[in-house]
Amino acid sequence: MQRKLRVGWFSFTCCEDSTMIWVEMMNDNLFKWKKLLDIRHARVLKKNNRLYGIDVAFVEGAITNESDAKKLRSIRKHSKRLVAIGSCAVTGMPAAQRNVFDDATKKEIEFLLKKFNQADSVRMVKDIVPVDELVVGCPMAEDAFLRVLDKYLKEFGVSGA
Ligand code: SF4
């Protein structure tokens, strides 16, 4: 049986537009990807998700509290490669704008941070775990995503790439 690339798609604090782009890309790629990818974890697609034995984890969003940082460390532990997807994951922005608010504005949003259990500052994915590849864009650039996917299909010896 042909080896498939075992992938996971994960979202943290963000608007999930790169997730929407990825799902929209299935209009053109679904039948090809069905042969090449074993999608082990993608809450946008299914309920039965498994976080182990992942070849490549795609991670979207900024990290805004310790509980998400812990989840991200667990994703890293169970994935051979990790790709930061989109500006929020790659640079923390736009979510990280609050990191540079002036004191008065920080005071204004203090109750929201407490209410939603948010950390004092927003972190990007590479602040928490090692990142192997970046797909930039807000939302992600489709051609950049396809280049990275193609690279890992080849690296993991998945034929058809
Ligand atoms: S990078 Fe842009 S499109 Fe993607 S989640 Fe962040 S704000 Fe949304």
Side-chain angles (χ1 to χ4, degrees), residues 5-30 32-33 36-47 49-51 54-102 105-106 108-153:
L5 188 70
R6 297 188 287 258
V7 301
W9 187 278
F10 304 91
S11 288
F12 288 96
T13 300
C14 65
C15 70
E16 295 193 294
D17 256 16
S18 293
T19 297
M20 290 303 106
I21 295 277
W22 183 55
V23 172
E24 285 289 328
M25 288 173 81
M26 291 185 189
N27 287 323
D28 296 325
N29 295 286
L30 180 65
K32 185 170 87 178
W33 286 353
L36 301 176
L37 305 181
D38 171 6
I39 301 176
R40 298 208 148 193
H41 196 297
R43 284 178 53 214
V44 69
L45 298 179
K46 57 185 193 160
K47 286 192 176 143
N49 290 296
R50 293 165 293 161
L51 180 54
I54 290 177
D55 295 323
V56 186
F58 298 99
V59 177
E60 175 192 38
I63 308 302
T64 61
N65 61 31
E66 197 40 46
S67 143
D68 283 354
K70 196 172 159 195
K71 277 185 214 151
L72 179 57
R73 285 186 203 103
S74 179
I75 293 165
R76 178 72 262 193
K77 186 173 156 201
H78 293 284
S79 309
K80 295 186 182 99
R81 302 285 181 274
L82 188 143
V83 181
I85 294 280
S87 174
C88 288
V90 173
T91 70
M93 296 296 261
Q97 285 178 83
R98 72 173 169 85
N99 291 356
V100 291
F101 280 178
D102 59 30
T105 313
K106 278 188 179 162
E108 247 178 78
I109 64 164
E110 213 174 71
F111 78 101
L112 286 170
L113 300 189
K114 274 200 188 112
K115 184 173 175 183
F116 295 105
N117 192 26
Q118 296 292 288
D120 289 341
S121 62
V122 173
R123 288 176 287 175
M124 54 192 132
V125 168
K126 75 174 182 192
D127 289 334
I128 316 286
V129 295
V131 169
D132 300 293
E133 272 288 355
L134 308 171
V135 174
V136 296
C138 179
M140 71 168 180
E142 287 183 33
D143 55 346
F145 173 77
L146 288 173
R147 270 198 304 277
V148 168
L149 181 61
D150 193 48
K151 168 185 158 171
Y152 286 129
L153 286 168

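First listed ligand is number 1; within each ligand, the first listed atom is number 1.
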| field | Pairing residues for Glu66 by the salt bridge (Lys or Arg N to Asp or Glu O under 4.0 Å) criterion, not counting sequence neighbours | value | Arg73, Arg123
| note | ligand 1 atoms nearer than 4.0 angstrom to some heavy atom of Glu16 are 5 (S)
| Parallel, tilted or perpendicular: which describes the rings of Trp33 and Phe145, with under 30° parallel and over 60° perpendicular? | perpendicular
| request: Less than 2.8 Å from atom 6 (Fe) of ligand 1 is the window; count the protein N, O or S atoms in it. | output: 1
Show me, pair by pair, the donor-acceptor contacts under 3.5 angstrom made by side chains of residues 80-98, not counting sequence neighbours?
residue: Lys80; atom: NZ; partner: Asp55; partner atom: OD1; Å: 3.1
residue: Arg81; atom: NE; partner: Glu155; partner atom: OE2; Å: 2.9
residue: Arg81; atom: NH2; partner: Glu155; partner atom: OE2; Å: 2.7
residue: Ser87; atom: OG; partner: Thr91; partner atom: OG1; Å: 3.3
residue: Ser87; atom: OG; partner: Met93; partner atom: O; Å: 2.6
residue: Thr91; atom: OG1; partner: Ser87; partner atom: O; Å: 3.0
residue: Thr91; atom: OG1; partner: Met93; partner atom: N; Å: 3.1
residue: Gln97; atom: NE2; partner: Pro94; partner atom: O; Å: 3.1
residue: Arg98; atom: NH1; partner: Ala119; partner atom: O; Å: 3.0
residue: Arg98; atom: NH1; partner: Asp120; partner atom: O; Å: 3.0
residue: Arg98; atom: NH2; partner: Ala119; partner atom: O; Å: 3.1

| task | Can you establish whether the number of heavy atoms outside Arg43 located under 6.0 Å from its atom CZ is more than 12? | result | no
| Residues that Phe10 engages under ring pair (Phe, Tyr, Trp, His ring centres under 6.0 Å), provided they are two or more places apart | His41
| field | Carboxylate-amine/guanidinium contact Arg147 Asp150, below 4.0 Å | value | no
